Amino acid sequence: MFDGVSNRADIEKHIPTIGHGAVLVTTTNSLGWWSAAHTIEVTAFSPAEAIACFADYAGIAVADLPAVAGSVTEIVDRLGRIPLAVSMSGLYFRNAEGQLSELLTDYFASLDALQDDLAIPAGYGRTAFAAIRYAVNNIGRGTNSPYKQAAKGVLYYGSLLAPELIPLNLIIPASAATTHVDVANMPRPVEIQKTLAHGVVSVLRTQTIAHRVVNPDDLGRSTLASDTIVIHPLVHEILRTSYLASLPAGQLQVAATTLINFLVPWLGSMRAEGKIFALEQLRVHAEALLAIVGNNEPLASYSLQHDRVFQFVKSGLLMELSACFASTARFDRSIVLASAATQLLLSMEGENAARTLAVKPLTDIAVDLSLEEAPAATVAAVGSQLVSLLSAESENTRVPSRKLAYEMADQALQMVTRTSVYRDFPSLKHIASSLESIAACNPERSTSVYGLLQRVNALAKRKNYVEVLAMIPHLRAIDESIYDQITFDALQVTAQLYVGEYDEALAGLDRLLAMQPPANHLALQIRAGLIKIAQGVHEVAGVTGSPTALRNSYPRRLQNRIEEITEILDLTDQQGSAPSLSTQSGTSPSSSTP
């Protein structure tokens, strides 16, 4: 069953092609479905159904219904007995104070006013639109809560994200009446005051448009993204359509800028900390926001400064999403996003900071192409452009720009020399030489992650695994990424095998073999690590005193697990699918030049 589908293409790949049974799709779109599909039009309630629905949502007991039947009938008939409008109005009357007959006049007068100022898209009932907008406008009515405006901001800004699992710790500060955007100092994820969260949720409950859901990860652990609100998809869609139609020119860019300003550090933090469940949750919201931005581009802007800041934060979001997809081996999607970020940054003429930042997504493209084992000529085309950019940035007068260029040169160097095919390709040889020259200018190269890894590789070639083991703590200390920690785990197991620390090595190997890649994250690192370990097991198995298991069970277990992860990655690939700015919601924002 697929609920609330916009069009056929969204679910085509999920439709079973064999077997028995039925597929049920609910949609507001009546066009473009399969010719063999049987269409059942969901019409308005019957009078009895509408009365029963209203009574249920309004909290009217069956025994009390006869006394208010006239008023209820008037309400549901006035709403055209549209299910969504009936249920929303029932919630309103449940939360409003007063008798039904006393509230009718004001309620219908407000609905009439709301219906006049918005063109309703095809497929929507005018009364459903009006009922939802009325509920939002009257949120917190009858209370003295200081959180009414914050609750409205949550609903409207939240409508630009996905409807499911919107983190309160993100959306409440992001939708605040006044926010400050500083690209060089984006807000890190923090837990908001419980009083504020409870206050906003309490106001939302007065109209029951959104409800609170605590959503821990699949192991039951909570993160800053676990405390969420959920909005019904159709209500969410109507909120979004209404909100976008009401915005003055330039305000959508402000709202998008503010939301992206929070999403970028949230995505980066969850990825670095290995909180994959929260990362995927945020990725869905980021993609939803980018889709809205894309559908409305070019966005109107209040000023050149506002547009400038938006371009910077948007490029950051594109890079974070690219990293998310690359982490799960969806390289095609990752490259598209990184390419968009590169083009956006390089299109900002006269922006030295943008040109510097562009080396990051361009390097990411080279990494993705290499890991995807793209043709050498394709890697060389990107590598040539990257060398040109890195050469210029390595001579930048700003130390951070030079440092970034050095780091990216080392990272790209590893990728363009990763396979024998790349190492033997003439143009890649030249590119590798140029990258080495740039990276060699780094005064901190010997103590960087890449410098330490080069030393580790040199020691491993000489079979000096005692020193390799001694260096692993230094690697872990300067690179805490959960993805690289897997690489260090595999390196440690391999080294322990060679030095004869068999108990420790097999314990570590068992942990790696048992590790399940969450949402396919870590799969690349686990597979690469197991391949390295398998080579070590093959060499050590015949050594006198080595455990019998190294000759018997482990080679088979390693081979089976490597094949399982390869299958996961193959399936994933087939599906692959510093400026500052002050803004104040609802007014023409002011800006300052950094």
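Bear in mind the structure is a predicted one, so any value in this text is a computation, not a measurement.
A salt bridge does not link Glu393 to Lys403: none of the charged nitrogens lies less than 4.0 Å from a carboxylate oxygen. Salt bridge status for Arg330 with Asp368: absent, with no side-chain N to carboxylate O gap under 4.0 Å. Taking 4.0 Å as the cut-off between side-chain N and carboxylate O, Glu373 and Arg418 count as a salt-bridged pair.
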Quick one: do Arg557 and Asp510 satisfy salt bridge (charged side-chain N to carboxylate O under 4.0 Å, His left out)? Show the steps, please.
-> CA-CA 10 Å; Arg557 289 177 61 191; Asp510 285 338; 3.4 Å; yes
What do the steps show when you test Glu539 against Lys463 for salt bridge (charged side-chain N to carboxylate O under 4.0 Å, His left out), and what is the final call?
-> CA-CA 12 Å; Glu539 293 184 16; Lys463 304 296 184 184; 3.1 Å; yes
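The side chain to side chain donor-acceptor pair (under 3.5 Å) with Asp489 is formed by just one residue from the set Arg476, Gln525, Arg511; it is Arg476.
Every pair passing ring pair (Phe, Tyr, Trp, His ring centres under 6.0 Å) that includes a residue from residues 450-473 is listed here, sequence neighbours excluded: Tyr465-Tyr498.
In this structure, Glu407 and Ser448 have side chains that are not in contact, with every pair of non-hydrogen atoms separated by 4.5 Å or more.
The structure places OH of Tyr483 at 6.5 Å from CZ of Arg271, a figure rounded to the nearest 0.5 Å.
For the residue pair His306/Ser303, the side-chain donor-acceptor check at 3.5 Å is satisfied. Using modelled atom types and a 3.5 Å distance limit, the side chains of Ser394 and Arg402 yield no donor-acceptor pair. Side-chain N/O atoms of Ser269 and Glu273 include a donor and acceptor closer than 3.5 Å. Residues Thr363 and Gln411 bring no donor and acceptor atom of their side chains to less than 3.5 Å of each other.
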